[in-house]
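What follows is a short report on a single structure.
This structure is a prediction, so every number in the text was calculated from the model and none was measured. Computed from heavy atoms alone, side chains included, the values below leave out hydrogens, waters and symmetry copies.
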Amino acid sequence: MGLKILVVSIFVVACGGIAAVGYHRVQESRSLQVAPVVKPEVVRCAPLEIRSFTVSESFHGRIHPRAELSMAFQIGGRLSQIGDGGERRLRENDMVAKGDVIAMLEPARFKAAQAQAMAQRNEAAAEMQAADGGVTQAKAVHDDAKREYERQVELKSKNAGTQVAMDRAETAMKVAAAQFDVAKARYDRAVATYDSASAMLTVADVNHADAVLKAPIAGKIAALPLEVGSMIRPGDMVVRLVDMSKVKLIIGVVQSKRPQIREGQRVEVEVLALNAAAIATQGTAARPEPRVGHVTMVPPAAHPVTGLFDVEIELDNKDGKLKPGMIAKAVIALNTDAQVVAVPAEAVKRKGNKLSAYFVAQGLTVGLDLGGLGRSQLTVPTMVVREFPIEKAVLVEDHYLISGLPKGVSHLVVEGQTRISHGKPVLVIHGNATLPPSDIRTAGAE
């Protein structure tokens, strides 16, 4: 029994010794193992190009006259004159100044009505004057009769007068009062007649003035459909007048963009028809410069049919090339404070439909095996790359303008981006100068 215990003990001790020797050799082997070397890729970099970028939006719309009037007479009659009565009558496309005579109805009838109304008013004025004199005379007679009656009443009270005299004086006073009332009624009728004649004269004057149609604004005649001698009714269009010295471009703006557009804002406008005409006759080099306009009206409510806000932009039209109905493109700056990084197109890595750019940052984080103490991390002062996907960048002159870069990046990789991936160390070359980071040795690195 004791022999068996001794044999087992010796076996256990032997196994333990073998295990200890094996563990010692493993640790010794680990201590002698050389950590693999992470070799940086050589890339060429350029400093970040920061630009102040203006976020612009294009809107299409149609050109309208600044003012457009359909003019008509307020009275009916025969058209006797078109223009100011000179040798040349007005025609379409003629320019007229404010106050110029456009057309005239036959004036004789309106002058006759005016003269008749004037005569009736003069007659009413004479009648009113005569009636006024009659009122004055009747009042004087009434006052005398009233005083005589009062005197007879006083004499009768003193027994110095008779009843017959007092009754006669009372009758005379009542007759005078009735005559005074008649005189006042006559005067009131005369005043009413005068007022009516004055109103008729006013109407005659207005009709005489309305028989002459004058331009309320300076503009160009767009339509003149009637001929001299035509009988017209009130409201029949005689001329359509448009003011094209300045025009307005009306664009439809969606609700999300409306708060970024304000009155007085500068707008660049390209008129598509003028561009096409210039290119067709003189080539692409003759493309005209955009016209500059300003927002004059931002409506408070959307159009009930389209749901868009009809923003008006005023444009100068001194050369007369802008015509109603032309289609134009307005470019409006919605944000002028955006800060972006310009990435050359050749520095962009393409993989299928995905685009990305690589930037370098200082500092590589590596893992450390501390044996029995566990693991830790260490930041090594070397250059590493950070990949930035390009999704909604704007392409301007072969540069992608991107925003929202990761913090800490300092340079853009412009050469060698096809050999690198996110988080890898790199050897950065700036022109002819090389910044050589030391090789990084990490336990267990691939």
Side-chain angles (χ1 to χ4, degrees), residues 35-58 260 266 268 270 284-285 287 289-290 331-368 377-442 444-446:
V37 176
V38 179
K39 293 187 177 295
E41 289 289 347
V42 178
V43 295
R44 189 179 301 278
C45 293
L48 301 183
E49 181 182 349
I50 307 297
R51 295 184 183 180
S52 293
F53 180 63
T54 299
V55 179
S56 299
E57 188 82 15
S58 296
Q260 298 169 282
R266 185 179 185 273
E268 291 188 353
E270 293 184 9
T284 56
R287 187 185 187 94
E289 292 291 327
V331 180
I332 304 178
L334 302 182
N335 184 359
T336 58
D337 300 326
Q339 297 293 316
V340 296
V341 176
V343 177
E346 60 269 17
V348 173
K349 180 179 179 180
R350 293 168 174 80
K351 187 176 182 180
N353 294 329
K354 297 182 178 181
L355 304 178
S356 60
Y358 287 90
F359 298 86
V360 296
Q362 184 76 27
L364 173 65
T365 301
V366 298
L368 295 178
Q377 290 184 338
L378 175 65
T379 300
V380 181
T382 190
M383 297 291 185
V384 294
V385 292
R386 296 283 185 266
E387 184 178 9
F388 186 85
I390 299 176
E391 297 177 351
K392 297 182 179 180
V394 179
L395 183 61
V396 178
E397 298 179 353
D398 297 331
H399 281 72
Y400 289 92
L401 305 182
I402 61 178
S403 59
L405 288 179
K407 294 182 179 180
V409 299
S410 58
H411 288 75
L412 168 69
V413 177
V414 295
E415 186 178 334
Q417 61 269 30
T418 58
R419 304 187 303 271
I420 56 179
S421 60
H422 181 76
K424 296 298 183 181
V426 290
L427 178 63
V428 178
I429 299 176
H430 297 278
N432 297 323
T434 304
L435 303 180
S438 301
D439 288 349
I440 306 166
R441 301 175 182 272
T442 58
E446 297 180 355

Under 4.5 Å between any side-chain heavy atoms of [X] and [Y], yes or no?
| X | Y | value |
| --- | --- | --- |
| V426 | C45 | no |
| H411 | V360 | yes |
| L355 | Y400 | yes |

- After noting the C-alpha distance and the side-chain angles of I50 and V340, does the key distance pass the side-chain contact (heavy atoms from CB on, under 4.5 Å) rule? CA-CA 6 Å; I50 307 297; V340 296; over 6 Å; no

- Passes side-chain contact (heavy atoms from CB on, under 4.5 Å), M383 versus V428? Steps please. CA-CA 7 Å; M383 297 291 185; V428 178; 3.7 Å; yes

- Applying side-chain contact (heavy atoms from CB on, under 4.5 Å), name anything that partners E387, two or more places apart in sequence or on another chain.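 If we apply the side-chain contact (heavy atoms from CB on, under 4.5 Å) test to E387, skipping adjacent residues, the hits are S356, Y358, H422.
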
- Item | Test side-chain contact (heavy atoms from CB on, under 4.5 Å) applied to S421 - qualifying residues, sequence neighbours left out | K424

- Partner set under salt bridge (charged side-chain N to carboxylate O under 4.0 Å, His left out) for R350, not counting sequence neighbours: none

- Message: Once rounded to the nearest 0.5 Å, what's the spacing between atom CD1 of I402 and atom CG of L412?
- Response: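 Nearest 0.5 Å value for the CD1-CG distance: 8.0 Å.
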
- If you measure from NZ on K349 to CD1 on I390, what distance do you get to the nearest 0.5 Å?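 Interatomic distance, K349 NZ to I390 CD1, rounded to 0.5 Å: 12.5 Å.
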
- Message: Please find the pair of heavy atoms, one from V331 and one from S58, that lie closest to each other, and give the distance.
- Response: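 Distance-wise, the nearest heavy atoms are CG2-OG, 3.8 Å.
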
- Contact summary for R386 and G423, nearest pair of heavy atoms: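 Scanning both residues completely, I find the closest heavy atoms to be NH1-CA, 3.8 Å.
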
- Message: Between E415 and V413, is the side-chain contact (heavy atoms from CB on, under 4.5 Å) condition met? List the steps.
- Response: CA-CA 6 Å; E415 186 178 334; V413 177; over 6 Å; no

- State whether the number of non-hydrogen atoms from other residues, nucleotides or ligands found under 6.0 Å of E289 atom CD is greater than 12. no

- Message: Go through it in stages, so that I can follow the logic: the residues are L401 and R51, the test is side-chain contact (heavy atoms from CB on, under 4.5 Å), and I'd like the CA-CA distance, side-chain angles, deciding distance and then a yes or no.
- Response: CA-CA 8 Å; L401 305 182; R51 295 184 183 180; 3.9 Å; yes

